[in-house]
Amino acid sequence: MVVVPSAASREMAPESLPLGIIPAVDMSAPSGRGELARRLVRACAERGFFKAVNHGVPARAAARLDAAASAFFARPARAKQAAGPPDPLGYGCRNIGANGDVGELEYLILHADPAAVARKAMVIDAEDPSRFSVAVNEYVDAVRRLACRVLDLLGEGLGLRDPTSLSRLISAADSDSLLRINHYPTSAAALRGPGDRSCTAEDAKSGNSNGGVNGTTIGFGEHTDPQILSVLRANDVDGLQVLLPDGRGEWVQVPADPAAFFINVGDLLQALTNGRLVSIRHRVIASTSKPRLSTIYFAAPPLHARVAALPETVAAGTPRRYRPFTWAEYKKAMYAHRLSHNRLDLFHASGDDAADDEHN
Ligand SMILES: C=C1C[C@]23C[C@@]1(O)CC[C@H]2[C@@]12CC[C@H](O)[C@@](C)(C(=O)O1)[C@H]2[C@@H]3C(=O)O
Ligand SMILES: O=C(O)CCC(=O)C(=O)O
Ligand SMILES: [Fe+2]
């Protein structure tokens, strides 16, 4: 495992210089929009991941959401369970998905649509549901804007004929985007202690455990995110690690920065760009010093959206890698598999798909 020196996440150097291990991108575009677009494409192609600074999301929106989330996680187990089980949305504890994965966390997964947030807020904050939904909606609006900006810049940097085609997928009124809030207590016992009913009896009996690596405990196991783009912000507690996509199997620690956003390419963006941008594997190592609170906006298209390589990314030398599919089809495959599964492998193009491209 590589531990990143603090200098490694400096503002990314101009194109001719090496990319920092964790590329940091100044979203205020001090070197101009064209340079910002090139930097984003390079970061997403070589790392699948970058740290966004000067991102324009108001600190107030982040603070308000964190306060609402912390108030929820501080509630008694029984009250939190009223917002679960995660089927797949809602409150969950230790169990991740329905295929046997476990982590050292409790979480809330919400649909980002304001009507869905309002419904869930009735159980999450029964005393004052609008307090919770206002905090979530304000935050979601701000991170969606950031995600759209990133996608528009990627569209420009990739030379798409319609550079806004990527952002339109996630800004559609029926987009299937999610907001996930993860709370990792300092000790796994906090999720399982005597009298703590926050995890189901079935989970306690199942003996499921998440294997540690070199004496560490995995908080959230390795995986790629299935959607288009993930926009993550966490408190000042380390734990997030990314796997460098060079095939050498090196996990890199991402130093915490509560003022920044960590943005990663999801499976759909890898498919849309025919593998030019890479969906990066990442995981969280549990901390023993301080609870970690992280919030991730998963920007997704509508369920019926067709996901196919953009024409600008397909050429004779770079044939179509994945067969076209809908987000609904991909989601079905995703929920049928474990967290660490390489889901894009299920959608590899056959020889016939590639041959079709040559005739088009
Ligand atoms: C084990 C699983 C949890 C997950 C659905 C899945 O079957 C495989 C993908 C998982 C993941 C990873 C990124 C996000 O945290 C998430 C919400 C998503 O969209 O895909 C989770 C799913 C989940 O926890 O429901
Ligand atoms: O909690 C974190 O910091 C990251 C979790 C994650 O990768 C996810 O929820 O998909
Ligand atoms: Fe993730």
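Each ligand, and each atom within it, is numbered from 1 in the order the structure gives.
A salt bridge is absent between K332 and E329: the closest approach of a Lys/Arg side-chain nitrogen to an acidic carboxylate oxygen does not fall below 4.0 angstrom. No salt bridge links D26 with R39; every basic N to acidic carboxylate O contact stays at or beyond 4.0 Å. Taking 4.0 Å as the cut-off between side-chain N and carboxylate O, R94 and E104 count as a salt-bridged pair.
S230 and D225 share a donor-acceptor pair across their side chains, judged by distance under 3.5 Å alone.
With R343 contributing its side chain and M334 its backbone, the two residues share no donor-acceptor pair below 3.5 Å. Side chain of D125 to main chain of R131: no donor-acceptor pair is present (N/O by atom type, distance under 3.5 Å, no hydrogens or angles). Formation of a donor-acceptor pair under 3.5 Å by the S133 side chain with backbone atoms of A118 is not found in this model. Under the 3.5 Å distance criterion, the side-chain polar atoms of N274 are matched with a main-chain donor or acceptor of P319. Using modelled atom types, no side-chain atom of T164 and backbone atom of D152 make a donor-acceptor pair closer than 3.5 Å.
Counting heavy atoms closer than 4.0 Å to ligand 2, residue Y107 contributes nothing at all. At a heavy-atom distance under 4.0 Å, only side-chain atoms of I296, from C-beta outward, approach ligand 2.
Atom 3 (O) of ligand 2 has as its closest protein heavy atom R292 NH2, 2.6 Å.
Ring-plane geometry between Y330 and W327 is classed as parallel, the angle between the planes falling under 30 degrees on a 0 to 90 degree scale with a further cut at 60.
Under a 4.0 Å criterion applied to the non-hydrogen atoms of L232, ligand 2 contributes the atoms 2 (C), 3 (O), 4 (C). Of all atoms in ligand 2, numbered sequentially from 1 with element shown, those under 4.0 Å from a heavy atom of H282 are 7 (O). Interface atoms of ligand 2 facing S294, defined by a heavy-atom separation under 4.0 Å, are 1 (O), 2 (C), 3 (O). Each of the atoms 8 (C), 9 (O), 10 (O) of ligand 2 lies under 4.0 Å from some heavy atom of F298. Residue-ligand proximity, N182 to ligand 2, at heavy-atom distances under 4.0 Å covers atoms 1 (O), 2 (C), 5 (C), 9 (O). Listed by number with element, the atoms of ligand 2 under 4.0 Å from a non-hydrogen atom of V284 are 1 (O), 2 (C), 3 (O), 4 (C). The distance from ligand 2 to the heavy atoms of D225 drops below 4.0 Å at these ligand atoms: 10 (O).
Between Y322 and F347, the gap from one ring centroid to the other reaches at least 6.0 Å. Aromatic rings from Y91 and F72 are positioned such that their centres are separated by under 6.0 Å.
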With the criterion set at N/O pairs under 3.5 Å, what does the list of contacts between the protein and ligand 1 look like, atom names and distances included?
residue, atom, partner, partner atom, Å
ligand 1, 7 (O), M334, O, 2.9
ligand 1, 7 (O), H337, O, 2.9
ligand 1, 15 (O), R180, NH1, 2.9
ligand 1, 19 (O), Q227, NE2, 2.8
ligand 1, 24 (O), R180, NH1, 2.8

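A cation-pi geometry, defined here as NZ or CZ lying under 6.0 Å from the six-membered ring centre and within 45° of its normal, does not hold between R180 and F298.
Under the 4.5 Å side-chain heavy-atom criterion for Ile, Leu, Val, Met, Phe, Trp and Tyr, V278 and I228 are members of distinct hydrophobic clusters. A continuous path of ILVMFWY side-chain contacts below 4.5 Å connects I109 to L339, so both sit in one hydrophobic cluster.
Distances from atom 10 (O) of ligand 2 to the heavy atoms of R281, R180, H223 put H223 nearest.
Listing protein N, O or S atoms at distances below 2.8 Å from the Fe ion (ligand 3), with waters left out, gives H223 NE2, D225 OD1, H282 NE2.
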